[in-house]
Structure formats: structure tokens, C-alpha cells
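This report refers to the structure that appears directly beneath it.
First the proteins, then the strands, lettered A, B, ... as listed; each starts at 1.
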Amino acid sequence: MNYWLMKSDPGDFSIDDLESRRGQTAPWDGVRNYQARNMLRDEMKIGDLAFFYNSSCEVPGIAGIMEIVKEGYPDPTAFDPEEEHYDPKNDPDKPTWYLVDVKLRRRLKRVIPLTELKRHKPLANMKVLQKGNRLSVMPVTRQEWHYILKNWK
DNA sequence: GCCAACGTTGGC
DNA sequence: GCCAACGTTGGC
């Protein structure tokens, strides 16, 4: 089983939004980065777990735990001119962009701020803490995952 | 709002 | 294939 971290700007899609969905399940659409696409399409498997990460907001940090419930399939929002993330170069016969479906497992008792994560040596190599990282989907190591859940509930 | 970091684009 | 220009991300 693999572990992931998935970023969302709460102004666009928040953990409240996910929680209020039927089945607390949602398609993780709108990712338009090739590295992230490869992970969504090829690597993320049913049963994998992922942190819900609040980005570009007042207190960036980890807000909850999700499970992958449907593996990579073409992102329909890439074909729809009405959509913000419409990609006119995307050929429906050879889709460029992919997504997975996620389901909320639980919220954390409180958001773990990025600033707190940074203070922990065992997390020093965590991808989301690296300066300049711009991936919206990234792997988390087993060690990092368990360290975080041991230190914050 | 600023700006560093990084991805993408396009001319050559 | 190089690389400058440009756009976007995201923390602060």
C-alpha cells in the first residue's frame, strides 16, 4: 500500500466540501501537471491512503485522511469548455489528464500546520516541506505517514 | 500583494 | 535542442 499527499485550495474545494458529498466521495479533478498526472494515472491504487492538504490559504497544512476508491481514469473537466481547467489541446481519443476518486476516512482533530511539520527532524525530507515544490499530488513515505499519525491524532 | 521556484512555450 | 520569456503555484 502507498501513501500520498493531495493539495487543495480550500477556497476551491475544502474538506467540508468533501465531507458533504454523498458517500464523502469525490473525483479529484483539475490536476494539470504531468508528474502529478503520472501518479494519478499509473501509481495510485485502490486502498492507498492520502492526506488532504490545505494549500494557498491562511493556515496551510494537513486536514484529513482520504482513501483512493477509484483508480485513474480520464478527467472529464479537461474536455468541457465551461470548466476552469478545460484543455483545448486534450484529445478525447487520447486523454492527457487523469484523476482518481477519493473518499474521506476522517478529519484530523485539527489541521496540522505546515509550520509545525517543519519543526520535526524526522520529516525533514518530506516532499511537501521542500522549498519550491509545486506538485499538487506527491508521495509520502510509510515512515513519514506513521510518524505524523503518531504525533498528531 | 510579493516573490522565489519551477513548468511550459515558442523562436531560433 | 537551447534558452529567454512568460505563467502559475504557494508560502509568507
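- The phosphate of C/dG10 (OP1 or OP2) has a side-chain N or O of A/K7 nearer than 4.0 angstrom.
- For the 3.5 Å distance criterion, the side chains of A/Y98 and A/N38 fail to qualify, holding no donor opposite an acceptor.
- For A/T115, whose side chain is taken as the heavy atoms from C-beta onward, the closest listed nucleotide among B/dA5, B/dT8, C/dC12 is C/dC12.
- Side-chain contact check for A/D9 and A/S55: no donor-acceptor pair (N or O, by modelled atom type) lies under 3.5 Å.
- An OP1 or OP2 oxygen of C/dC12 is reached within less than 4.0 angstrom by no side-chain nitrogen or oxygen of A/K131.
- Rounded to a whole Å, the CG atom of A/L129 is 16 Å from the P atom of B/dA5.
- Between the P atom of C/dG10 and the CE atom of A/M6 lies a distance of 13 Å, rounded to the nearest Å.
- Between A/Y53 and the phosphate of C/dT9, there is no side-chain N or O to OP1/OP2 separation shorter than 4.0 Å.
- Which of B/dT8, C/dG11, B/dA5 sits closest to the side chain of A/L114 comes down to C/dG11.
- Residue A/S55 has its side chain nearest to C/dG11 when only B/dA5, C/dG11, B/dG7 are considered.
- A distance-only check finds a donor-acceptor pair linking the side chain of A/K103 to the backbone of A/G23 [under 3.5 Å].
- Between A/W97 atom CH2 and B/dG7 atom P there is a gap of 13 Å when expressed in whole angstrom units.
- With rounding to whole Å, A/N133 atom CG is found 10 Å from B/dG7 atom P.
- The aromatic rings of A/H120 and A/Y147 lie perpendicular to each other, with more than 60° between the two planes, well past the 30° mark.
- The distance between atom CG of A/N54 and atom P of C/dC12, rounded to the nearest whole Å, is 14 Å.
- Atom CG in A/L117 sits roughly 14 Å away from atom C1' in C/dG11 (whole-Å rounding).
- In this entry the distance linking CG of A/N33 with C1' of C/dT8 reads 11 Å, nearest Å.
- Between A/R32 atom CZ and C/dG10 atom P the separation is 14 Å, expressed in whole Å.
- No donor-acceptor contact under 3.5 angstrom links the side chains of A/S14 and A/D16, judged on distance only.
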